[in-house]
Amino acid sequence: MNNPKELQARFPYQFEGEAIGMSHSRGWFRLFSRLCSDIDQALGEDKRGFHWLQVKEKFGSARMYFRLAEGVHEQEPELMKQLMDLKFAAEAASQDICAACGRPGWIDQRTGWMLSLCGKHHQERLDDTLGSVWFEEDEL
């Protein structure tokens with residue numbers, strides 16, 4: 001999948017329900033797409049009640065928050081642990097992935113706003129030529 005619209009078409013239930021916001025970086029999108037697929041597999045046949053509440057950047061890396069509907073999967077603590085482990089692994093991996101292009105990167109703290117970038121995009125940021133790393137509103 002190449003963009004958020006394709007991802008939402010593939011896993012519509014993951015994007016239904018209340019959401020605070022979805023801010024997808026181009027470089028982390030493949031990671032998030034893989035996470036959605038892994039979540040789908042972990043849920044198995046019963047996908048009721050799962051949806052993404054928020055996807056954003058915080059302290060230079062991706063943060064993803066989901067919600068499970070009350071009363072759904074509550075008797076399955078192993079499943080909740082599996083979902084949380086998948087989420088935490090993706091968030092940790094984003095620290096080493098350029099938010100602009102998806103190549104290996106590291107968190108840049110030199111300009112005040114922390115963001116994981118590769119060498120090329122670190123330099124563009126310092127030169128003030130780095131464009132937006134986020135999908136535009138009409139692409140969501």
Checklist entry - Do other residues, nucleotides or ligands put more than 12 heavy atoms under 6.0 Å from Tyr65 OH? => result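 For Tyr65, atom OH is crowded (more than 12 foreign heavy atoms under 6.0 Å).
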Checklist entry - Is the number of heavy atoms from other residues, nucleotides or ligands within 6.0 Å of CG (Asp127) greater than 12? => result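 Atom CG in Asp127 is packed in, count exceeds 12.
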Can you tell me how far the [atom1] atom of [X] sits from the [atom2] atom of [Y], to the nearest 0.5 Å?
X	Y	atom1	atom2	answer
Cys98	Leu115	SG	CG	7.5 Å
Met80	Asp85	CE	CG	11.5 Å
Ile107	His122	CD1	NE2	9.0 Å
Leu53	Leu68	CG	CG	11.0 Å

Item to check | Result of checking Trp134, Trp28, Trp113 against Glu57 for side-chain hydrogen bond (donor to acceptor under 3.5 Å, both in side chains) | outcome: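 Passing option: Trp113.
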Is the closest side-chain heavy-atom distance between [X] and [Y] below 4.5 Å?
X	Y	result
His121	Cys118	yes
Lys56	Ile20	no
Lys47	Phe11	no
Gln109	Phe59	no
Arg63	Gln54	no
Val133	Arg26	no

Checklist entry - Can we say Arg10 and Glu6 salt-bridge, meaning some charged N sits less than 4.0 Å from an Asp/Glu carboxylate O? => result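 Looking at Arg10 and Glu6, the cut-off is not met.
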Checklist entry - Excluding sequence neighbours, so at least two apart, what forms salt bridge (Lys or Arg N to Asp or Glu O under 4.0 Å) with Asp38? => result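 Once residues adjacent in sequence are excluded, Asp38 has no partner under the salt bridge (Lys or Arg N to Asp or Glu O under 4.0 Å) criterion.
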Item to check | Contacts of Glu18 that satisfy salt bridge (Lys or Arg N to Asp or Glu O under 4.0 Å) - sequence neighbours left out | outcome: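 Glu18 satisfies salt bridge (Lys or Arg N to Asp or Glu O under 4.0 Å) with Arg67 only.
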Checklist entry - Shared ILVMFWY cluster between Trp106 and Leu117, side chains joined below 4.5 angstrom? => result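 No, because Trp106 and Leu117 fall into different hydrophobic clusters, even though each may have its own neighbours under 4.5 Å.
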Next on the checklist: Is there a path of hydrophobic side-chain contacts, each under 4.5 Å between heavy atoms of I/L/V/M/F/W/Y residues, joining Leu79 to Met64?
Outcome noted: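 Yes, because Met64 and Leu79 connect within a single hydrophobic cluster, where side-chain heavy atoms sit under 4.5 Å apart.
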Heavy atoms only: give me the nearest [X]-[Y] pair and the separation to one decimal.
X	Y	result
Tyr13	His51	O-CB, 3.8 Å
Leu35	Lys87	CD1-N, 3.9 Å
Ser25	Ala99	OG-O, 3.1 Å
Cys36	Gln14	O-NE2, 3.0 Å
Leu31	Ala93	CD1-CB, 4.0 Å
Leu83	Ala42	CD2-CB, 3.9 Å

Next on the checklist: Check the orientation of Phe50 and Trp52. Use parallel for under 30°, tilted for 30 to 60°, and perpendicular for over 60°.
Outcome noted: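 Because their plane-to-plane angle is over 60°, the rings of Phe50 and Trp52 count as perpendicular.
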Next on the checklist: Does the plane of the ring in Phe135 sit parallel, tilted or perpendicular to the ring in His24? Use 30° and 60° as the thresholds.
Outcome noted: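 Geometry flag for His24 against Phe135: perpendicular rings.
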Next on the checklist: Quick one: does any side-chain atom of Gln95 pair with a main-chain N or O of Ser116 as donor and acceptor, under 3.5 Å?
Outcome noted: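 No.
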Checklist entry - Under 3.5 Å, side chain of Gln8 to main-chain N/O of Phe15, donor-acceptor pair present? => result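 The answer is no, because no donor-acceptor pair under 3.5 Å joins these two groups.
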Checklist entry - Taking it one step at a time, do Phe29 and Asn2 satisfy side-chain contact (heavy atoms from CB on, under 4.5 Å)? => result CA-CA 8 Å; Phe29 187 70; Asn2 298 316; 5.8 Å; no
